[in-house]
Amino acid sequence: MKDQLIIFDTTMRDGEQSPGAAMTRDDKVRVGKQLERLRVDVIEAGFAASSPGDFDAIRAVAATVKDSTVCSLARANDNDVKRAGEAIKGANSGRIHTFIATSPIHMQHKLRMQPEAVLEAAVRAVKLARQYTDDVEFSAEDAVRSDVDFLCRIFEAAIAAGARTINVPDTVGYSVPQLWGELFATLIGRIPNAGMAVWSTHCHNDLGMAVANSLAAVMAGARQVECTINGLGERAGNASLEEIVMAVKTRSDFFKCATRVDATQIVAASKLVSTITGYPVQPNKAVVGANAFAHESGIHQDGVLKHRETYEIMRASDVGWGANRLTLGKLSGRSAFKARLQELGIALASEEQLNAAFARFKELADKKREIFDEDIQALMSDETVTPEVERYKLISLTAHSETGEQPFARVVISEEGREARAEARGGGPVDATFKAIESIVASGTELMLYSVNNVTEGTDSQGEVTVRLEKAGRIVNGMGSDTDIVVASAKAYLNALNKMAAKSQRMNPQYGVEARAV
Ligand code: KIV
Ligand code: ZN
């Protein structure tokens, strides 16, 4: 019998701390449902005390998800723990994850607290959390740079106070696999009541070692891994869920544990998170990158055709790649379209939404002969990823470029229901389009990122555009897709402006500043 490895997904909490990746309540419910289909054990749905919006989002996820534990983060203070406890009240299985920093640098400069006061706050928070649920997790933030003797004391006290999971974070991505494994071996070996808790690893990727460090901790006895879809997270991100899960599955000869994750849901989860957060997946990303199973070189293709295992250690279908399945065409009917959406795990709220999506599918089928699963997913992301506020909508766009001429664009948008039109010239048709939109909305935002990915292969592929805008420290990501990349760009720009128009602000649990927005 193999040990069970608990997969703790923090895409909606730590992942959401990436610039512009904040999710609305509806986004979180959609991601939560997909994580449940993926069969992760624990879903950290947010940080309840950060804003009323995040509190509501956690509550909605707790009410929806039945088969995974739903968790809220809380700093080690009474208010945070109470908010977390209230937010998870409706869950079938709810967890409070409370944390406090334990490294000298954090205690001295951030908390301005003595170690004894930190220990007391941790114990108090764990005890209070136990009044809401038996499932309490305690984390020592910046454990990687903490004194090991102090870590042993605080973890022992947290377990005695009722914590059933002890999480050891490499908050700044500083460790290396050997040292990280040794730290777990030391903690588990030295703490007298270590056996009463599940040991958990939480690694950041600043030196590109988050997955390797997490797996080293597993080898040393950790039985929970905290990770995110696509490795999303602040700075260089967190350990990537898909890499951890597939490493443990593919090398089950080496790792003496198993997960209950349904790996065939990985690609769907990756695409959903990418669409909702506006963080594209790099093509050569392990497991979920577009090239992860592509065999470009002739030698490889020949080998794979003769015997797949010559170059493949996993099957694309194992992780949910549809092998570019040709799904529907111009003549497909509404019920075939609806059935395919269901197979892809895409749920629509109403018949009107289905009708609108079907009309857009028909438009796409007129422009593009072959429609693949990826096309439907991109099409549906426009349909279902609606911002809290939809102030701006694209009505029409004309763009013109000709050698020797300055590109030109004319846009018609609706702004709170009123039509407005503008024309502009620019360095290229996309630049002209953005200038035309700006001449209407005068948003005062700064463009921080513009990127285009093709959804499938070929020049008739839909382009998926990501736009990142910044204004007064707030960052938002917008996405849009279309076979015409200028149209996709306009949609992405307006999507970002709509997100910027949403009012709510959230607090970052670690810095304590109002830095995130949804
Ligand atoms: O990286 C970290 O230390 C965290 C904690 C809040 C667990 O995310
Ligand atoms: Zn973290």
Side-chain angles (χ1 to χ4, degrees), residues 6-18 21-74 80-99 129 132-137 165 224 226-230 232-233 238 241 260-262 265-266 268-277 345-349 381 384-388 502 504 506-509 516-518:
I6 296 168
I7 299 296
F8 177 113
D9 178 276
T10 182
T11 308
M12 296 198 276
R13 198 280 297 171
D14 221 350
E16 197 199 26
Q17 288 175 218
S18 316
M23 301 177 208
T24 64
R25 190 181 76 142
D26 290 353
D27 294 339
K28 287 199 172 188
V29 169
R30 284 185 70 201
V31 173
K33 282 190 195 155
Q34 180 56 31
L35 292 173
E36 186 182 31
R37 276 194 284 271
L38 184 60
R39 290 176 54 77
V40 305
D41 299 278
V42 186
I43 298 173
E44 188 163 54
F47 167 38
S50 68
S51 72
D54 211 31
F55 176 88
D56 270 357
I58 299 167
R59 217 163 41 167
V61 174
T64 311
V65 166
K66 294 294 160 229
D67 191 34
S68 305
T69 295
V70 177
C71 171
S72 170
L73 185 71
D80 276 29
V81 173
K82 284 180 189 159
R83 290 295 280 167
E86 280 155 23
I88 59 156
K89 218 187 254 162
N92 250 3
S93 160
R95 174 180 294 190
I96 297 176
H97 173 194
T98 185
F99 80 100
Y132 292 88
T133 170
D134 289 345
D135 190 351
V136 174
E137 171 171 332
T165 302
Q224 174 175 288
E226 301 200 350
C227 44
T228 59
I229 302 290
N230 300 335
L232 188 70
N238 287 56
L241 180 147
R260 61 164 212 152
V261 166
D262 174 1
Q265 292 293 331
I266 284 179
S270 163
K271 285 182 186 294
L272 181 65
V273 168
S274 167
T275 302
I276 283 179
T277 58
I346 300 170
L348 290 177
S381 65
T384 54
V385 180
T386 43
E388 268 177 316
S504 48
R506 284 190 201 158
M507 189 200 302
N508 181 309
R516 296 186 298 150
V518 279

Begin from the C-alpha positions of Thr69 and Asp41 and carry the test side-chain contact (heavy atoms from CB on, under 4.5 Å) through to its verdict.
CA-CA 6 Å; Thr69 295; Asp41 299 278; over 6 Å; no

Go through Asp80 and Phe47 one step at a time and tell me if the side-chain contact (heavy atoms from CB on, under 4.5 Å) criterion holds.
CA-CA 8 Å; Asp80 276 29; Phe47 167 38; 3.2 Å; yes

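- Considering CG of Leu38 and CG of Leu241, their distance stands at 6.0 Å, rounded to 0.5 Å.
- Tyr132 and Lys82 make their closest contact through OH-CG, 3.2 Å (heavy atoms, listed as atom of the first residue, atom of the second, distance).
- Considering every non-hydrogen atom in both Ser68 and Leu35, the closest pair reads OG-O, 4.4 Å.
- Look at Arg37 and Asp262 and you find no salt bridge, because none of the NZ, NE, NH1 or NH2 atoms lies under 4.0 Å from a carboxylate O.
- In terms of modelled atom types and a separation under 3.5 Å, the side chain of Ser18 and the main chain of Gly233 share a donor-acceptor contact.
- Panel note: side chain Asn230, backbone Ser270; a donor-acceptor pair is recorded below 3.5 Å.
- At distances below 3.5 Å, not a single donor-acceptor pair connects side-chain atoms of Glu137 with backbone N or O atoms of Arg95.
- Summarising the geometry of Arg13 relative to Pro509, their closest heavy-atom pair is NH1-CG, 4.3 Å, with the distance given to 0.1 Å.
- Taking all atoms of both residues into account, the shortest heavy-atom contact from Asp135 to Gly94 is CB-O, 3.5 Å.
- Listed here is the closest heavy atom pair of Val70 and Ala91: CB-CB, 4.3 Å.
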Working for side-chain contact (heavy atoms from CB on, under 4.5 Å), residues Asp14 and Glu226:
CA-CA 10 Å; Asp14 221 350; Glu226 301 200 350; over 6 Å; no

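- Asp27 and Arg30 are not joined by a salt bridge, as no carboxylate oxygen comes within less than 4.0 angstrom of a charged side-chain nitrogen.
- The line from CD of Glu44 to CD1 of Ile58 is 8.5 Å long, rounded to the nearest 0.5 Å.
- Glu36 contributes a side-chain N or O that, together with a main-chain N or O of Lys66, makes up a donor-acceptor pair within less than 3.5 Å.
- Rounded to the nearest 0.5 Å, atoms CD1 (Ile88) and CD1 (Ile96) are 4.5 Å apart.
- A distance-only check finds a donor-acceptor pair linking the side chain of Gln34 to the backbone of Gln265 [under 3.5 Å].
- Separation of atoms CG (Leu272) and CD1 (Ile229) is listed at 9.0 Å; rounding is to 0.5 Å.
- The two residues Ser72 and Ala48 have their closest heavy-atom pair at OG-N, 3.2 Å.
- Among Ile43, Thr228, Asn238, the single residue meeting the side-chain contact (heavy atoms from CB on, under 4.5 Å) criterion with Thr11 is Thr228.
- Arg39 is linked by a salt bridge (charged side-chain N to carboxylate O under 4.0 Å, His left out) to Asp67, counting only residues two or more places apart in sequence or in another chain.
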I would like to know whether Thr24 and Asp26 meet side-chain hydrogen bond (donor to acceptor under 3.5 Å, both in side chains); could you show each step before the answer?
CA-CA 5 Å; Thr24 64; Asp26 290 353; 5.5 Å; no

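- To the nearest 0.5 Å, atoms OG (Ser50) and CD (Glu16) are separated by 7.5 Å.
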Asp54 and Lys28: CA distance, side-chain angles, deciding distance, side-chain contact (heavy atoms from CB on, under 4.5 Å) verdict
CA-CA 9 Å; Asp54 211 31; Lys28 287 199 172 188; 2.7 Å; yes

